[in-house]
Amino acid sequence: MAEAGTGFLEQLKSCIVWSWTYLWTVWFFIVLFLVYILRVPLKINDNLSTVSMFLNTLTPKFYVALTGTSSLISGLILIFEWWYFRKYGTSFIEQVSVSHLRPLLGGVDNNSSNSSNSSNGDSDSNRQSVSECKVWRNPLNLFRGAEYNRYTWVTGREPLTYYDMNLSAQDHQTFFTCDSDHLRPADAIMQKAWRERNPQARISAAHEALEINECATAYILLAEEEATTIAEAEKLFKQALKAGDGCYRRSQQLQHHGSQYEAQHRRDTNVLVYIKRRLAMCARRLGRTREAVKMMRDLMKEFPLLSMFNIHENLLEALLELQAYADVQAVLAKYDDISLPKSATICYTAALLKARAVSDKFSPEAASRRGLSTAEMNAVEAIHRAVEFNPHVPKYLLEMKSLILPPEHILKRGDSEAIAYAFFHLAHWKRVEGALNLLHCTWEGTFRMIPYPLEKGHLFYPYPICTETADRELLPSFHEVSVYPKKELPFFILFTAGLCSFTAMLALLTHQFPELMGVFAKAFLSTLFAPLNFVMEKVESILPSSLWHQLTRI
């Protein structure tokens, strides 16, 4: 019995909510009609006459005080709203409306849907850890001597920031040095060279190390910073490979003899992997794409555990150049996994493959008439997934924003990652007929799907709010950093600002021109109530006088 009563109350509540949601205009007119009918018993005319007499006795000073007080109150609300927005990123009034009033009116709480719709399967602890902005080595970073320096020579601009180059120096010290380097003179010199800020001093130290011994890391430094062409860099990397392979084999035999030898073997492994990867990238730059793909595949088979280098992203880009889309799908099936971290390359390549199946025949007009097919829906969902992961990429792919040279480090989901991806993959999107058109028609729909506020996320963990600060340090000053989500001023802050300005203006005009403002107020009120008076006159003329008399006596 109690369950039946509860069900009836819930049904009644839902009916009331539905009626208030869709029939509020009918409710409004019914209330107006009842008030008009009951104007005699309620003595509305007498009360209005009393109020009008009271208003006529008021002096202009009262209106000045009233508008001034209203301006003060709205100004205080504006100050409080602005402070709350600066501190918490949202409007207080809007937050109260969404959190407390919307559920009463039948709204849906986005928190529950957000938690249930997370399809990436990350745990709560993982979400907290990835929310911090972590900088990653760019898998597709250019060669400093052959590419970055040439850009500086031509344009006079520095494409790399000091922060970015300092991160690279830290990477070099981590990967290319170990505690036992002081036992080998050439490695001891290179240990100091990686910490040197002056490029010429680093190059001189590398030459000095090569005079002592065939040092693989010295060849690496010269290939990265002294070589002015990719061909020269490849030649130096081949010499580095010969020296690095010998060191790797020797340390491999001694790695179990103690912690010192184990550290040397780890360093030699990092050096060898780095050399082979850069040789594959040289082959890719010089147009030998199939050779580069083979080198990358062999490297991934030989060192399957070194996922920190993200070699699969280089492989995906090379396979897209060969238009080997089946091989690209096979690589994605392995690395686009729930337990693995995502990247713009993973998400947007998956979207490109699904868009490729439908983009050549896609038409927004035809889709609006007949609806989206299953394949088109999958492509749109893949684009939405990619855009939510990194919302900066589409503007570069659609050439709505100019590209620059990618930095040596990127921030995942940031503008730096978008530049690094679009710099190499824009040609692949252009090659697929209609892919950019499909992206153009659908990418902005992502922002309508993400629950409010934008930081909550939908398919991925919440978007980090610290990306702007990190990207500004990674990207050069001449580049306008893309910001998402932009914290646009909420409606209530704009409303209170307008209300404050309007009431302040009224107070000033009433103080300066009291008689003119009085005439203006009366004219405004008469104009405002003119439609209502017209409707009432029509109602009185249509309804029979006897019926109208009986209704007024109720």
Side-chain angles (χ1 to χ4, degrees), residues 136-148 168-178 180-181 184 186-187 189-191 193-194 202-203 205-207 209-210 212-253 255 263-286 288-315 317-318 408-409:
W136 300 71
R137 182 81 178 177
N138 182 9
L140 298 169
N141 66 307
L142 305 179
F143 294 86
R144 192 176 292 184
E147 292 172 314
Y148 288 119
S168 298
Q170 295 176 18
D171 292 338
H172 295 152
Q173 294 175 53
T174 302
F175 294 141
F176 301 152
T177 63
C178 64
S180 61
D181 280 347
R184 295 184 286 191
D187 289 333
I189 293 175
M190 289 306 302
Q191 192 175 39
W194 294 122
R202 289 196 299 270
I203 293 173
H207 284 292
L210 288 176
I212 299 174
N213 192 9
E214 290 289 312
C215 181
T217 54
Y219 282 121
I220 289 176
L221 192 148
L222 294 178
E224 291 286 353
E225 301 192 25
E226 187 181 42
T228 57
T229 63
I230 301 297
E232 292 179 14
E234 184 182 34
K235 182 178 179 180
L236 288 169
F237 273 121
K238 287 181 177 179
Q239 294 177 278
L241 177 62
K242 183 178 179 181
D245 189 57
C247 292
Y248 172 76
R249 296 184 184 279
R250 287 192 297 270
S251 63
Q252 188 178 28
Q253 298 174 355
Q255 61 176 317
Q264 287 182 5
H265 178 66
R266 189 183 309 113
R267 189 274 306 274
D268 293 337
T269 302
N270 292 335
V271 171
L272 185 63
V273 172
Y274 185 88
I275 293 171
K276 289 187 175 182
R277 177 190 184 149
R278 295 303 262 178
L279 276 173
M281 295 176 70
C282 287
R284 169 69 183 91
R285 295 284 203 285
L286 295 173
R288 306 196 306 269
T289 310
R290 295 189 182 277
E291 179 185 345
V293 168
K294 184 180 183 304
M295 295 172 68
M296 293 173 191
R297 289 189 184 277
D298 293 341
L299 185 59
M300 293 169 66
K301 291 179 181 178
E302 187 177 0
F303 302 98
L305 299 179
L306 291 181
S307 59
M308 64 182 126
F309 290 101
N310 293 326
I311 304 173
H312 60 277
E313 297 197 9
N314 300 89
L315 179 60
E317 194 277 327
E408 293 183 338
H409 288 80

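Quantities reported herein were computed from a predicted structural model and do not represent experimental measurements.
With values rounded to the nearest 0.5 angstrom, Arg267 atom CZ is found 7.0 Å from Thr217 atom OG1. Taken to the nearest 0.5 Å, the CG atom of Asn314 stands 11.5 Å off from the CE atom of Met295. The CD1 atom of Ile275 sits 11.0 Å away from atom CD of Gln239, with the distance rounded to the nearest 0.5 Å.
The aromatic rings of Tyr274 and Phe237 are tilted relative to each other, their planes meeting at an angle between 30° and 60°.
A donor-acceptor pair is defined here as one N or O able to donate and one able to accept, closer than 3.5 Å; such a pair exists between the side chain of Arg277 and the backbone of Pro139.
Applying the salt bridge (Lys or Arg N to Asp or Glu O under 4.0 Å) rule to Asp268 yields no partners; only residues at least two apart in sequence or on another chain are considered. Applying the side chain to side chain contact (heavy atoms under 4.5 Å, CB included) criterion to Asn213, with sequence neighbours excluded, gives Ala186. Arg202 is linked by a salt bridge (Lys or Arg N to Asp or Glu O under 4.0 Å) to Glu225, counting only residues two or more places apart in sequence or in another chain.
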Verdict with supporting geometry, Leu286 and Glu291, side chain to side chain contact (heavy atoms under 4.5 Å, CB included) = CA-CA 10 Å; Leu286 295 173; Glu291 179 185 345; over 6 Å; no

message = Pair Glu214, Lys242 - check side chain to side chain contact (heavy atoms under 4.5 Å, CB included), show working.
response = CA-CA 9 Å; Glu214 290 289 312; Lys242 183 178 179 181; over 6 Å; no

query = Would Leu236 and Ile220 count as a side chain to side chain contact (heavy atoms under 4.5 Å, CB included) if you check the C-alpha gap in whole Å, the side-chain angles of each, and the deciding distance to 0.1 Å?
reply = CA-CA 7 Å; Leu236 288 169; Ile220 289 176; over 6 Å; no

inquiry  = For a side chain to side chain contact (heavy atoms under 4.5 Å, CB included) check, start with the C-alpha distance between Tyr248 and Val271, then their side-chain angles and the critical distance, and finish with the verdict.
reply    = CA-CA 9 Å; Tyr248 172 76; Val271 171; over 6 Å; no

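Residue pairs meeting the side chain to side chain donor-acceptor pair (under 3.5 Å) criterion with at least one member in residues 292-302, sequence neighbours excluded: Lys276-Glu302, Lys294-Asp298. Residue pairs meeting the salt bridge (Lys or Arg N to Asp or Glu O under 4.0 Å) criterion with at least one partner in residues 229-241, sequence neighbours excluded, are Glu234-Arg288.
The minimum heavy-atom distance between Met300 and Ile311, with the atom names listed, is CG-CG2, 3.9 Å.
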Just distance, no hydrogens or angles: give the donor-acceptor pairs under 3.5 Å from side chains in residues 170-178, sequence neighbours left out.
{"from": "Asp171", "atom 1": "OD2", "to": "His409", "atom 2": "NE2", "distance (Å)": "2.5"}
{"from": "His172", "atom 1": "ND1", "to": "Ser168", "atom 2": "O", "distance (Å)": "3.3"}
{"from": "Gln173", "atom 1": "NE2", "to": "Ala169", "atom 2": "O", "distance (Å)": "3.4"}
{"from": "Thr174", "atom 1": "OG1", "to": "Gln170", "atom 2": "O", "distance (Å)": "2.9"}
{"from": "Thr177", "atom 1": "OG1", "to": "Gln173", "atom 2": "O", "distance (Å)": "2.2"}

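A 4.5 Å side-chain heavy-atom check between Leu221 and Trp194 finds at least one atom pair inside the cut-off.
When each of Glu408, Arg278, Glu224, Glu147 is checked for a side chain to side chain donor-acceptor pair (under 3.5 Å) with Asn141, only Arg278 meets the rule.
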